[in-house]
Structures are given as structure tokens and as C-alpha cells.
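Below you'll find the structure, written out as C-alpha cells, and then a few comments.
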There are 2 protein chains.
Amino acid sequence: MTQSPHLAFRALADPTRREIMRLLTEQDMTIAQVSDQFDMTRAAVKKHLTMLSDGGLITTEVRGRERLNRLNPAGLAPVFDWLSFFDRFWDARLNDLKTAIEGESDD
Amino acid sequence: MTQSPHLAFRALADPTRREIMRLLTEQDMTIAQVSDQFDMTRAAVKKHLTMLSDGGLITTEVRGRERLNRLNPAGLAPVFDWLSFFDRFWDARLNDLKTAIEGESDD
DNA sequence: TTGACGTGAAACCAAAAGGTATCGCATTAA
DNA sequence: TTAATGCGATACCTTTTGGTTTCACGTCAA
């Protein structure tokens, strides 16, 4: 029962949200902790976290007055699922894909 | 020399553009042919095709007064590259979630 | 109990996204 | 040569997105 990839793809469209996902691979973080990593207000970060949650890419755990944001890698399943459709065209039209993936990339 | 995933992720954020990519797996299509598949004007489809091209997900070949749009699966490389960062968290987190937590309060 | 802390939520704004209608231009067909 | 075709480009509109400021509310510490 793979869910629609729509909200996940939309959540991944913004560089800030992708960076938040990277941050959350290191540790769970409160909103304030995430906000410290960006040059924007806590309210703006909160909106990004909401979109990430809507896309199923993070989960939250309320602990007292804090709210811990946690990466949910399983939320990437619909994305991988959609992308897997192109696997066969990958090989058919492109031979040296693996060399293309070699490099590192940033935003 | 993998390019930035930004424009590719942005191009994938819209359902119409993802559907266009699916269509182009079947055959190369002119703008008019793509437009026939959607309930919107040719100009709107053209904008989507431009964003797909900006993201490196399609290429175009001008043939006389026609312009053939062709899927470029290699353009997905930056996307796969970025997503591959989360591969290692995939299994680990899934195991943690399954063993430690039973109910998810995420919706 | 008081007050600081972490957050949620709302109002507001500028810019981008997604769409339309319309015009012009190069190419092709009659 | 003339007219239809396929497309590019522009102006314009509405909605969404990404950001701010401000305020209210529950929680925790002193």
C-alpha cells in the first residue's frame, strides 16, 4: 500500500527541506535546534517541517513543551517506487550511468 | 561532475510533469502531441516542458517547424545520487521503528 | 506562583508557480 | 504565392510558496 508520491515529491522540491533531512540523519532535533542551522525565523522552519511531515518524510514526538523531529526514511518509499519505473529506460538509453553518479553534488 | 539536483527535484514536484515523463517513455512527442494528453493549453504544457528541460530530464530536437521532446533518463542521476545518501538509514531506521515503536502518530 | 521557555497559529507580504489568451514568425503544404 | 501549421513569446491573472511579525498557550524551573 504505497501512498501517493505527490506530497513527498513536493516536500523534496525545496533545498532547505532537503538540507533539513540531511541534518536529521545526524540526530533528532527540536524546531529550535533546526532553526539554529538556518538564517530564517523559527516560524519559517516550522512550515518546512510541516511540509516534510505532510510528505511522510519526518515524524514528530512531543516531549513536554518540546517537539522532536525525526527522520522517517520509509517516507521515501513512494519516491523510490515512482522512480523505479524508469529503471528499464535507464539501461536502455544510457550505458555509463554509473560514471555519472560518481561525483558528489550539493545544492 | 554530477550537477545540482535542485532543478531536477523542482521539475519532479509537479504531477503533470511526472506524467509527461511517463508519456515520453512510450515515444518522443511534439509539444502538440503532449498537449493532446492534457486538459490545458499548449502554452501551459510548453512551460512544463521547459522546466523539465531545465532540470535535465528531457532533451529536445528541432526538426523543421516541429520540436521533438525526448526523455533523458540520465537527468535522474542527480536525484538518485541525492537519495542514495539515505540508503544506510533506510534499513537501520526501519528496524528501529519496528522493534521499538508500534504505533505511529503521524498523519 | 511567577516567569522564562518552546511551540502553535494567525495575519500579512513578495515572489514563484500554474494557468489563460493572444500575437508573431518560421516552416510546410496546396 | 498563399495559406495553414507548429511553435515561441509575451502579457496577464490566480493560487501557492516561502518568508516575516506578532501574539497566545502549555510546560518547566525557581
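Throughout, protein chains are lettered first and strands after them, A, B, ... in sequence-line order, and every chain is numbered starting at 1.
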Quiz item: Between B/M51 (CE) and C/dA16 (C1'), how many Å, whole number?
Solution: 9 Å

Quiz item: Atom NZ of A/K47 to atom P of C/dT7: distance rounded to whole Å?
Solution: 17 Å

Exercise. Would you give the length of the straight line joining atom CE of B/M29 to atom CD of B/E66, rounded to the nearest 0.5 angstrom?
Key: 12.0 Å

Quiz item: Which heavy-atom pair separates B/H6 from A/R18 by the least distance, and what is that distance?
Solution: CA-NH2, 3.5 Å

Self-check item: Connected via hydrophobic side-chain network under 4.5 Å: B/I58 and B/F80
Solution: yes

Quiz item: Just how far, in rounded Å, is P of D/dC7 from CD1 of B/I31?
Solution: 5 Å

Practice problem: Within residues 34-46 of chain B, find the residues that approach DNA chain D with a heavy atom at under 4.0 Å, and present them sorted by residue number. | Solution: B/R42, B/K46

Self-check item: Distance-only polar pair, side chains of A/R67 and A/T60, donor-acceptor under 3.5 Å
Solution: yes

Quiz item: For the atom pair CG (A/L76) and CZ (A/F9), what is the distance rounded to the nearest 0.5 Å?
Solution: 10.0 Å

Practice problem: Answer yes or no: side-chain N or O of A/R65 and base N or O of C/dC5 forming a donor-acceptor pair under 3.5 Å. | Solution: yes

Quiz prompt | Rounded interatomic separation in angstrom, taking CG from A/D14 and P from D/dT16 | solution = 18 Å

Quiz item: When all nucleic acid strands are considered with a 4.0 Å heavy-atom cut-off, which category describes B/R63: base, sugar-phosphate, or nothing?
Solution: nothing

Quiz item: Do A/I20 and A/L52 have side chains that get closer than 4.5 Å, going by heavy atoms?
Solution: yes

Exercise. Round to a whole Å and report the spacing from CG of A/L49 to C1' of C/dT7.
Key: 12 Å

Quiz item: To the nearest angstrom, how far is A/L7 atom CG from D/dT16 atom C1'?
Solution: 14 Å

Quiz item: Of all residues at least two apart in sequence or in a different chain, which pass the ring pair (Phe, Tyr, Trp, His ring centres under 6.0 Å) check with A/F38?
Solution: none

Quiz item: B/E66 side chain: which of C/dT20, D/dG18, D/dC7 is closest?
Solution: D/dC7

Quiz item: Hey, does the side chain of A/H48 come within less than 4.0 Å of D/dT17's phosphate (OP1/OP2), counting only N and O?
Solution: no

Self-check item: Rounded interatomic separation in angstrom, taking CG from A/L68 and P from C/dG6
Solution: 13 Å

Self-check item: Single-linkage hydrophobic cluster, 4.5 Å side-chain cutoff, B/W82 and B/F89 together
Solution: yes

Practice problem: Return the nearest nucleotide to the side chain of B/R67; candidates are C/dT20, D/dG8, D/dG18. | Solution: D/dG8

Exercise. Round to a whole Å and report the spacing from CG of A/L52 to C1' of D/dT17.
Key: 14 Å

Quiz item: Given axes from five pairs at either end, by how many degrees does the helix from C/dT1-D/dA30 to C/dA30-D/dT1 bend, rounded to 10°?
Solution: 20°

Quiz item: Under 4.0 Å: is that the gap between some side-chain N or O of B/R10 and OP1 or OP2 of C/dA16?
Solution: no

Quiz item: What are the two closest non-hydrogen atoms of B/R10 and A/A13, and how far apart are they?
Solution: CA-CB, 4.3 Å

